[in-house]
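Everything below concerns the one structure shown next.
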2 protein chains.
Amino acid sequence: MLELAILGFLYEQPLHGYELKRRVAHLTGHVRPIADGTLYPAIKRLERAGLLDRRTEPGTRAAPRHTLTLTDGGRDELLRRLREAGDLDISDENRWFTVLAFLRHLTDPAEQAAVLRRRLSFLEEPSSFFYEGERPLGAEAFGDPFRRGLLRIARATSEAELGWLAETLAGLED
Amino acid sequence: MLELAILGFLYEQPLHGYELKRRVAHLTGHVRPIADGTLYPAIKRLERAGLLDRRTEPGTRAAPRHTLTLTDGGRDELLRRLREAGDLDISDENRWFTVLAFLRHLTDPAEQAAVLRRRLSFLEEPSSFFYEGERPLGAEAFGDPFRRGLLRIARATSEAELGWLAETLAGLED
DNA sequence: AGACTATACATCGGCATCGAGGTATAACGG
DNA sequence: CCGTTATACCTCGATGCCGATGTATAGTCT
């Protein structure tokens, strides 16, 4: 997830680590800080794999910055990861949002639509939060406000996404 | 996250591993299978920590089941983890939903409200997905449908949750 | 002058998770 | 009667992430 986000942001413009940290933290829709101990090793991994170059520059305000630029291999790798997204990238909320954020770089509308369709079929699998044996329980079935909230939030999200998916797929398939 | 879910489900009734797997998979609002290699080691960890007991029973349809029951220590531990949720439990979508699913077990309304308020203040931190330098970008600022979708979905979720939080906190504080 | 804060990068231990593989039993269809 | 499927559990290696800790610099406050 982090690696995808790094590749995605650098696809748009060179950035240094600290700025990447800020952008990745905002990616989920609210601030969810990512640990230094997560970011810098990830950068190193991508660098060792030849996906990005590092250029040291004097810092504007403090310590020297390492400006990171995607190599051609890095650009290809981003596109490959978007095209061939893993199942977890489709089903996990955080990962999916990351894919979505950079899907515009996959210039072929057919390829974009293919990814969206995978998400759609994932969302269309009928499912419920809680079961009593085999029978799924609706919000009505339990009196506590917390599980009712869970269902209410999940439904709002799901409706918004399904609506958007339908519209967008129709647009891409023209 | 997984451990919390296991403790939460077992708080309600004894279950065997396979059934836990099914329930945890549905917890996020849609089916997100959890790997065997994640579940069974987690059960072992909790067992070694004295939080649950295992009772082998002949399987109804197949191999023998290990029915799992929370010990008193396990019940305490669930309540403690709910009360003293980590920052990541509040900010990470998956973890937060797990907390929410079992918050009803924390019988004191004041304690429940305290957890909800932490989530509320997290959601109220102003934040935007993407930045151009210092200036946050709204959905209008970029033409691609994918980031527009991202914002649309995130807003729907956020509104639903904030509405529910306000109502529920008002109810709990009576 | 000294303290503090924000910027900027890095390492390390620990741990939760995935993914692939394996074992075994019971029921069902051909 | 044999293969397949669903049930049920387990192990192991690899990996990605967290959290703590450390270093250094530039600007700001007092």
Side-chain angles (χ1 to χ4, degrees), chain A residues 1-7 14-25 27-28 32-49 52 54-68 81 85-95 98 133-134, chain B residues 1-7 14-25 27-28 32-49 52 54-68 81 85-95 98 133-134:
Chain A
M1 194 242 103
L2 217 208
E3 292 187 6
L4 185 66
I6 295 174
L7 293 174
L15 294 168
H16 57 275
Y18 206 73
E19 176 61 26
L20 265 177
K21 188 174 139 96
R22 277 186 55 239
R23 300 203 182 198
V24 173
L27 191 56
T28 43
R32 210 191 35 150
I34 100 152
D36 279 10
T38 307
L39 177 63
Y40 291 105
I43 291 174
K44 285 216 155 176
R45 280 198 302 276
L46 297 174
E47 197 186 3
R48 266 199 304 271
L52 50 85
R54 178 189 301 247
R55 214 172 49 244
T56 301
E57 284 165 16
T60 16
R61 307 247 272 279
R65 295 171 163 182
H66 295 189
T67 297
L68 308 167
R81 290 196 193 198
D87 287 344
L88 219 64
D89 295 320
I90 301 298
S91 61
D92 182 281
E93 209 73 0
N94 290 329
R95 285 168 178 261
T98 308
E134 289 301 304
Chain B
M1 196 240 102
L2 216 207
E3 292 188 5
L4 185 67
I6 295 173
L7 293 174
L15 295 168
H16 57 275
Y18 205 74
E19 177 60 26
L20 266 176
K21 190 173 137 97
R22 278 187 55 238
R23 300 203 181 198
V24 173
L27 191 57
T28 44
R32 212 193 31 153
I34 100 152
D36 280 9
T38 307
L39 177 63
Y40 290 105
I43 290 174
K44 284 215 157 178
R45 282 198 302 275
L46 296 174
E47 196 187 2
R48 266 199 304 271
L52 51 84
R54 178 189 300 246
R55 214 173 47 244
T56 302
E57 283 166 17
T60 15
R61 309 248 270 276
R65 296 169 162 184
H66 296 188
T67 298
L68 307 167
R81 290 195 193 199
D87 287 343
L88 219 64
D89 295 321
I90 301 298
S91 61
D92 183 280
E93 209 73 0
N94 290 329
R95 285 168 178 263
T98 308
E134 289 301 305

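Order of the sequence lines sets the chain letters (A, B, ...), proteins ahead of strands, with each chain counted from 1. Side-chain atoms are counted along with the backbone in the values below, which use heavy atoms only and exclude waters and symmetry mates.
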#### Entry: Whole-Å distance separating the CD atom of B:Glu19 from the P atom of D:dA8
9 Å
### Residues in side chain to side chain contact (heavy atoms under 4.5 Å, CB included) contact with A:Asp87, at least two apart in sequence or another chain
A:Arg118
### Query
Between A:Lys21 (NZ) and C:dA10 (C1'), how many Å, whole number?
12 Å
### Message
Let me confirm one number: the CZ-CD1 distance from B:Arg23 to B:Ile6, rounded to the nearest 0.5 Å.
### Response
13.5 Å
### Task
Only counting residues at least two apart or in another chain, list the ones meeting side chain to side chain contact (heavy atoms under 4.5 Å, CB included) with A:Glu3.
A:Arg45, A:Leu46, A:Arg81
### Message
Restricting to salt bridge (Lys or Arg N to Asp or Glu O under 4.0 Å), what partner residues turn up for A:Arg32, sequence neighbours left out?
### Response
B:Asp92
### Query
Roughly how many Å is it from CG in B:Leu46 to P in D:dC9, rounded to a whole number?
15 Å
### Task
Round to a whole Å and report the spacing from OH of B:Tyr40 to C1' of C:dG22.
14 Å
## Note on the structure
For A:Thr38, the side chain to side chain donor-acceptor pair (under 3.5 Å) test, sequence neighbours excluded, returns none
### Message
Measure CZ/A:Arg22 against P/C:dA6 and give the value in whole Å, please.
### Response
14 Å
### Out of C:dA8, D:dA8, D:dT11, whichever nucleotide has its closest atom nearest the side chain of B:Lys44
D:dT11
### Query
Which residues pass the side chain to side chain contact (heavy atoms under 4.5 Å, CB included) test with B:Pro33, sequence neighbours left out?
B:Val31
### Task
Rounded to the nearest 0.5 Å, what's the gap from OG1 on A:Thr67 to CG on A:Leu52? Could you check?
12.0 Å
### Message
Roughly what angle, to 10°, lies between the helix axis at the start of the helix from C:dA1-D:dT30 to C:dG30-D:dC1 and the one at its end, five pairs per end?
### Response
30°
### Query
A:Arg54 CZ to C:dA8 C1': how many Å, rounded?
12 Å
### Task
Starting at the 5' end of nucleotides 13-19 of chain D, put B wherever the base has a protein heavy atom under 4.0 Å, S where only the sugar-phosphate does, and a dash everywhere else.
---SSBB
### Task
Mind checking side chain to side chain donor-acceptor pair (under 3.5 Å) for B:Arg54 and listing every partner two or more places apart, or none if nothing turns up?
B:Glu47, B:His66
### Query
Closest to the B:His16 side chain: C:dA10, D:dA8, D:dC10?
D:dA8
### Query
For the pair made of NE2 in A:His66 and P in C:dT7, what is the distance, rounded to whole Å?
17 Å
### Query
If you look at every heavy atom in B:Gly17 and B:Leu68, which pair is closest and at what distance?
N-CD1, 4.2 Å
### Message
Rounding to an integer number of Å, can you tell me how far A:Tyr18 OH sits from C:dA6 C1'?
### Response
6 Å
